[in-house]
There are 2 protein chains.
Amino acid sequence: MQQNERGEPVTIVDIARQAGVSIKTVSRVINREEGVGAQTRARVQELVEQLGYRPNVSARSLSSRRSYLIGVIFMQVGAYHYVGEVQVGAMRACRRAGYHLVIEQVKPPETVGGVQAFADVLRDARFDGVVLTPPTCDDPEVLIAIEAAGLPYVRMAPHKEFERSPYVFTDDRRAAWEQTLRLWDMGHRRIAFIDGPDTHGSAIRRREGYISALRERGIEPRPEWIAKGEFLSLSGFDAAEALLRLPERPTAIFAANDEMAVGVLAAAAKHGLSVPRDLSVVGFDDTPAAESAWPRLTTIHQPTAEMAEAAVEMLIEGFGDERFRGRVVVRQLDYRLVSRDSAAPPPV
Amino acid sequence: MQQNERGEPVTIVDIARQAGVSIKTVSRVINREEGVGAQTRARVQELVEQLGYRPNVSARSLSSRRSYLIGVIFMQVGAYHYVGEVQVGAMRACRRAGYHLVIEQVKPPETVGGVQAFADVLRDARFDGVVLTPPTCDDPEVLIAIEAAGLPYVRMAPHKEFERSPYVFTDDRRAAWEQTLRLWDMGHRRIAFIDGPDTHGSAIRRREGYISALRERGIEPRPEWIAKGEFLSLSGFDAAEALLRLPERPTAIFAANDEMAVGVLAAAAKHGLSVPRDLSVVGFDDTPAAESAWPRLTTIHQPTAEMAEAAVEMLIEGFGDERFRGRVVVRQLDYRLVSRDSAAPPPV
DNA sequence: GCAAGTTACGACAACGTTGTCTTAAAATGA
DNA sequence: TCATTTTAAGACAACGTTGTCGTAACTTGC
């Protein structure tokens, strides 16, 4: 069923011979090109399915100068969940369109020769396009390498230079604003914030949302309420420790991601504080950690997989019209507030 | 530097012309084949570097019938960390050998048409080989699909049928045995265990190690001490709740993975138990969650990335000698006990 | 000094598609 | 009815490598 009479994979030649047409005609049917009569098309189509023919990607790319490969570029720094979601979403979109997903890791900036190695990989992988995740999507060297290779790319939640390429994003600023107001509306007035690294655009925008929400309610957030974090659980723990030692302790802590929020939970436990009775804690992202923490985290759902899916779709659609030539395409996806058990009105 | 005079990527033809030799000779140099004189080889080598030539993978695979693509097959069920580590390790090995890594997700068994879709993907991706992660590595349908495609594969920590293919593993049984004895030696006598799903071979072997350690010390583990878990944090939480309600409460809980151990920590917090003062908790795997939990988890380090690296190496080495024909190759890697803060002698 | 290897290379045909150009037949218009 | 356009299809040459085989030019052995 999947082999021709010589015991080898079915090729376009086999189809052509059996259908009594030229290989070019079969090629046209496969690629949904016009210029084929209805009956011919149907006959070829049927044979293709019957023999289980699948085009040879190598031959196809050699000839068409397309690889049907999309690359996802990331820098592994412990954000397994995020990268995993991106991959799953990207893969879904790829599969729908007959593409495959290749993953490539960029070494953290400090690594010697990292970018050169990356450029080499780009050149021999011959991707049709790549998706960039934060914080790589703002790394100037990486961007230059990709542009030098003439590759179309889409960035996910970029930090700056929005005109430089198409990108997908969610409104982090507004989401953080809503999250903060949610605490406010519960009655919290001393709301602290744990920041992410400045290399992530979303961290910055989340902080902005937090600040603007408080200002809107007529409160200027005190500097000591904003603690530096690194998006890692441990940094959330440390930041929370500092916040909980403040003379006027915050009644609520908003961590810029769930991982840090889990760290806050641990710090609260260490200080003998019951969440949410003595302290409310909210996160951001809605990772599995949020669901499995105790108490379950009130957070904001980030449609990571869907964003990646959208990014790949934009890439593939872009291949049609002269590869994005200059056009910047933007796609926004919606976040969603998730209410669980870690936030409640403050102690009276 | 990376383009020839026509502004297109440098090809083998450019090198050949400039070196004054035939393309075949260049090809020989590239592929480290013999039959080229020392000076010629040096001259070609230098030109290759100078012009930044990289072979076109499509052409190469079309001609050689190799894709230089390795696939990693997994089923996403929340084990982001594990899959992430596998990918990183596999990618490292691939890059060293000039291969690229393609990831493919298999839908959970219940999905309709899942395996057929998977078989299709296998056929058009034309991997040179694939790495299978648990629990996919024991899925009979998946194995049949891969074997039908004639693909060499290496399994990671398989569950059964060890003669069926090459595989890499760690001695989970012995590691769990050591972990249990470590608790015993601290003075614990009521040691409970939270199981993983039976579809994971390592879960089963971890349980065996736990049981045999207790038996060796002359204790028959009570059935109620072994709680069913699903390798997910929430299931650890639930299992711990049941264990902590036991009339004779265990003084230590050994969770078959870190994620569940974190769930146990949460359950302990809910019950007002201080870890490790009132209850010792140990995990398995040494994921980031173990480091960032509070208290930090005592666990066992699993060399996941290294295992994946080894798997890919075995695959690539195997391509040489007629593609593994019948030979089962096995590689064992070492685990490592990690002592942190979540285990201590039991209350007196 | 000559037959019998051995070494270092090249010519040429794959590999399985797609792109470009050509052409016979069918449809259209006057 | 005949010139003109449109449609459906095919011929043939890429695409950039590797595999197979052939063959001069050297070695080697006696």
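Per chain, numbering begins at 1; letters A, B, ... match sequence-line order. All values derive from a computational prediction rather than experimental measurement.
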Taking CG from B:Leu62 and C1' from D:dG16, how many angstroms apart are they, rounded to a whole number? 9 Å
Counting any heavy atom closer than 4.0 Å, what does A:Thr40 reach on the DNA or RNA strands: base, sugar-phosphate only, or nothing? sugar-phosphate
Quick one: is D:dC15 close enough that its OP1 or OP2 comes under 4.0 Å of any side-chain N or O from A:Arg66? no
Considering just the side-chain nitrogens and oxygens of A:Asn56, establish if one lies under 4.0 Å of OP1 or OP2 belonging to C:dC15. no
According to a strict under-4.0 Å criterion, is B:Thr11 in side-chain N/O contact with OP1 or OP2 of D:dG16? no
Using the side-chain heavy atoms of B:Ser22, tell me which of these nucleotides is nearest: C:dG10, C:dT18, C:dG16. C:dG10
Taking atom C1' of C:dA13 as reference, at what distance in whole Å does atom NZ of B:Lys24 sit? 12 Å
Pairing donors with acceptors under 3.5 angstrom, does anything connect the side chains of A:Gln87 and B:Gln105? no
Does D:dT17 have its OP1 or OP2 closer than 4.0 Å to a side-chain nitrogen or oxygen of B:Ser61? no
Heavy atoms only, 4.0 Å cut-off, all strands: where does A:Ile30 land among base, sugar-phosphate and nothing? nothing
Side-chain N or O of B:Tyr68 versus OP1/OP2 of D:dT17: is the shortest distance under 4.0 Å? no
Using OP1 and OP2 only, check whether a side-chain N or O of A:Ser64 sits under 4.0 Å from C:dT17. no
C:dG19, OP1 or OP2 - any side-chain N/O from A:Arg28 closer than 4.0 Å? no
Position toward the 5' end of DNA chain C (nearest nucleotide), B:Arg41 or A:Ala59: B:Arg41
Please determine whether a side-chain nitrogen or oxygen atom of B:Thr25 lies at a distance below 4.0 Å from atom OP1 or OP2 of C:dC9. no
Pick out which of A:Ser61, A:Ser63, A:Ser58 makes a side chain to side chain donor-acceptor pair (under 3.5 Å) with B:Ser58. A:Ser61
If the plane angle is over 60° it's perpendicular, under 30° parallel, otherwise tilted; pick one for B:Tyr167 and B:Phe162. tilted
Does the side chain of A:Ser67 pick up a donor-acceptor pair with the side chain of A:Arg126 at under 3.5 Å? no
In this structure, how many angstroms lie between the P atom of C:dT7 and the CD atom of B:Gln39, rounded? 16 Å
Is there a donor-acceptor contact under 3.5 Å linking the side chains of B:Arg60 and B:Asn31? yes
I need the CD1-P distance between B:Ile15 and D:dT18, as an integer number of Å. 13 Å
Name the nucleic acid region contacted by A:Val57, choosing base, sugar-phosphate or nothing; use a 4.0 angstrom heavy-atom cut-off, strictly under. nothing
Which of D:dG10, D:dA9, C:dT18 is nearest the side chain of A:Val21? It is D:dG10
Hey, can you tell me if B:Tyr80 and A:His81 have their rings parallel, tilted or perpendicular (30° and 60° cut-offs)? perpendicular
Between CD of A:Glu34 and P of D:dT7 the distance, given in whole Å, is 8 Å
Would you mind reading off the distance between B:Ile12 atom CD1 and C:dA11 atom C1', rounded to a whole angstrom? 15 Å
Whole-Å distance, A:Glu33 CD to D:dT7 C1', equals 15 Å
Counting just side-chain N and O atoms, does B:Ser63 come under 4.0 Å of either OP1 or OP2 of C:dC15? no
Take atom CZ of B:Arg126 and atom P of C:dG16, then tell me their distance rounded to the nearest Å. 8 Å
Side chain of B:Ile23 only, please: which of C:dG16, C:dT17, D:dT17 is the nearest? D:dT17
